[in-house]
Structures are given as structure tokens and as C-alpha cells.
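Just so you know, these numbers come straight off a predicted model, no measurement behind them. Throughout, a chain's letter reflects where its sequence line sits, starting with A, and its residues are numbered from 1.
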Amino acid sequence: MVVRVQDENFDIGAEIDALRSGRTDIGAIVSFTGTVRDLGGEAHVAAMTLEHYPGMTEKALEALEADARARWPLDDCLVLHRFGRLEPGDNIVLVVTLSAHRRAAFEAAEFLMDDLKTRAPFWKKEETADGTRWVEARASDDDAAARWAGDAA
Amino acid sequence: MVVRVQDENFDIGAEIDALRSGRTDIGAIVSFTGTVRDLGGEAHVAAMTLEHYPGMTEKALEALEADARARWPLDDCLVLHRFGRLEPGDNIVLVVTLSAHRRAAFEAAEFLMDDLKTRAPFWKKEETADGTRWVEARASDDDAAARWAGDAA
Amino acid sequence: MTLLYFAWVREKVGTGSETIDLPDDVRDVAGLIRWLSARDEGYAAAFEKPELIRVAVDQDHAPHDTPVAGAREIAFFPPVTGG
Amino acid sequence: MTLLYFAWVREKVGTGSETIDLPDDVRDVAGLIRWLSARDEGYAAAFEKPELIRVAVDQDHAPHDTPVAGAREIAFFPPVTGG
């Protein structure tokens, strides 16, 4: 069970190396990295600040990870989320899943991201040319999370 | 269009860094790494040798990548496959997809792996306690590739 | 009882946390939201549209009909936008 | 015309590549497999079960009824097992 919430940046390669180190029973490693995106033009984002709920965040991410491990045969997994001020191109979130089977590694990583988007207590505030604004939740994120309701595929 | 076939190892973090470098329009990066798995016991694999069809391999991987780019809005992607003798825990294959949208990045990476398994001309020969044996293709791989036939999801 | 506020709920209320003595007639989260809304303009603005407010009772997501008796920590925030 | 063999097809045939003059009566891949099978025991063993043999004509996957006239390079191999 590996869950981390931190303001420092992370190194994708180093995190994957730490998880797989010394293991020869893994066949598939999937990583997802979410980054700050700047669409430019009128939607130009100079930076964003991620606020979170210390204590509940860790609890929510641990619950997510336990759900993923119960549904797919994972050898290990990592959920790491940053908070604080971030600029375009910066890393926000990293999910890594390790399994003997590629389908399980892919599905578990996608599930973790979809569920994290609707359950983990983080809020994004963007800095734009017109000032700051809180990012609004998207219905498409609820739909994505709803795909995983019920039994594992 | 990035396709590489090589006997040297690769560095997952360095490959991802090279693809994303200087870009702020990416929101999602998915990587898949396939590794040599040793199940131990009677199925113990000491090593494997990957044979390929030089020329056709590159052509097949480029066709795969073109298919993925036609079906999903990718900012970039990489398909890298090793050949030669590999030991348990070693890297075999790396697929990286970059997109503004996480669903596209996940689906394209899974598609690339599924299709690569049935179209790219590689053959694995395992070294076991009983001598060497050519790995047999699995029907489950054909089924996985068949999921992507027809229109994009 | 500790109350926590995050994101624009925090900004409108004007504080990130406070300790309150729960009135006897407040039974559930919805009742607590009504009681808070009556305190001043900031709270009224934060809770103007209760359907936009998400709640965690003792760090677990909770619907508005969740009883509040015995809770140590109740948090109010907009729908989450991490990831 | 260049013929290429990979994996256990290569091992049974005994070579990875060779150049042949295509007989006039060989029209398609299936015919080429029959003609090769008749050459010696190695070829016969490699092509004993034609349904196990996958083929690429000029580096594109091709079914057994593909015409071979004009092809520069034809490869024979088992189902692929990369990834």
C-alpha cells in the first residue's frame, strides 16, 4: 500500500524503479502521469494552486488503492498526488500499477484515476489573465467513475 | 512518429522526459512497460531470446502507431521493442502515449500493446530447466486485439 | 465539533476551520447547513446553493441526510477537481 | 525471389534465408508451401501443418491465397509472440 501526498515534484522513472526493484514476477507496468495543461489563447493558464484536505486525502487514496487491489491481481501499486502551486507542464499526479497481466495493470490504473477524480479531496484554482478561478467539476468525470460501479470487468 | 527496435535496454523516465520536454499542452501521459516474467517452480525461465524480422518489424510498428494516431487525439507516442537475449525482470517493450485527455492516452496505449502482440514480427524462445522452447501464441491475445476492430470506442 | 471549509466555500465563509457547539435542534448535515447559512452574509453566500456543497463527516464522504450527532469533524467543500 | 524463415520454421528448414527461382506452376502462398514441403525432410517438417504458418509478402502479413507473382521477399513464421 503506497499512497503519498506531497508538494515536491516526483520522478516517474525513479518511482517505477523503486516499485519493481528486485522483482521478476511482474510482466506489466502501467504508469499514468497527469500534468498541468495550458490550452493557451483565452484559456491561457499561468499557474494553478491545488488545495487539499490533509488527513482525508490520505484516507481517500488508501481506500481507492484497497479497492483496486481487491478488484485486480496487482503485485503493487502507487498513488502519488501533489498539492501547492504548479505551473503548466508540471506533474500533478502519478499512478503506477504492476501486475503479471497487462489488462489488469491497464484497467486498475484507469480505475484509480477515474475514482480519484471524483473521490479524492483536491481542488484546483487557476491563475488566468482575468484573475483566479476555481476549476469546476466535470460531469464527464462522474461518468468515467460510474463505469467502474458494480463488478470488475 | 517514434518507433525503435533495439537490443539495448531503455530508461522509462528518460523516454517519457524526451517526449514531454518543453510541452505544456499535454494533460495525460500513459506508459506501458512489458518485462520478462519468471513464474518460478516448474515454469522457471532462466532467460529468453527475442528474434525479429528486421525491416518488417519497423514497418509493422509504424503502421500500428499510425493507426493509433488516426483513432485517438494523441500529442505524441512512442513504441520501443527490444530483441536479443533477456533475463527475468528485464524490459522487453515500452509504449508511451501523450494526450490532452486521459481516456485517449489509456485507450491508445492499450490498443498499441494489444495490436503489437498479434501484428509485430517477434518470437520468444525461453530457456528452461528442460531446455529451450518457442513460446506459443495465445488465443487471449487474438481476443484482445479483436476488441479494437471497427470504430474507436 | 470542528468544522472545516475548503476551496470557494472556505473563501466565502472567511475561515478554513472553527469549533462550534452544535445546537440541540440540528440533526443532520442539511440542518447544519441551514443553521450556518443564518449566521452571516459570508456563510449565506457559501451555502446559497446547498446542492453544490459536498460534505465529509469524520473524513468520509457523506450525503446531506447524514446525522451529525457524535461527529468530531465535518467538512464542507465544492465537488472535487483533483487528478 | 528471397525466402525468409523465422523462429521454429527457420530451425526446421535449417536456414534463415535463401534465394529461389519460382517455378511457373506456383501461383500463391499455399502453392509455394506445397512446393517447399517437397524439397526435403526439413522443409516437410517445418510445413507439416500449414495452418500454423503465418506469411508476409514483401513485409506485409498475407493470407495463404495471396498470389506470389512479382513478390520480392516472402517470409514464413509461426504466430508472433512479442510484447
Where on [X] is there a heavy atom nearer than 4.5 Å to chain A: the side chain, the backbone, both, or neither?
X: R102(B); answer: both
X: I26(B); answer: both
X: A14(B); answer: neither
X: D114(B); answer: both
X: V96(B); answer: neither
X: D75(B); answer: neither
X: A144(B); answer: side chain

* Asked: So does E136(A) have more than 12 non-hydrogen atoms from other groups sitting under 6.0 Å from CD?
  -> no
* Would you find more than 12 non-hydrogen atoms of other residues, nucleotides or ligands less than 6.0 Å from R138(A) atom CZ? -> no
* Top residue by heavy-atom pair count (under 4.5 Å) with chain B, among E15(A), E87(A), M113(A)? -> M113(A)
* To do: Find the one option among G22(A), A100(A), G13(A) whose heavy-atom pairs under 4.5 Å with chain B are most numerous.
  => A100(A)
* Measure the shortest side-chain to side-chain distance between I29(B) and T35(A) over non-hydrogen atoms and say whether it is less than 4.5 angstrom. => yes
* Mind checking whether D38(A) and D25(B) have side chains closer than 4.5 Å, heavy atoms only? -> no
Chain B contact via [X] - which portion, at a heavy-atom distance below 4.5 Å:
X: V93(A); answer: neither
X: D90(A); answer: backbone
X: A109(A); answer: both

First locate atom [atom1] of [X], then atom [atom2] of [Y], and finally report the distance between them rounded to the nearest 0.5 Å.
X: I12(A); Y: S31(B); atom1: CD1; atom2: OG; value: 7.5 Å
X: R37(A); Y: H101(B); atom1: CZ; atom2: NE2; value: 5.5 Å
X: L98(A); Y: T33(B); atom1: CG; atom2: OG1; value: 9.0 Å

* Does the ring center of F106(B) lie less than 6.0 Å from the ring center of F106(A)? -> no
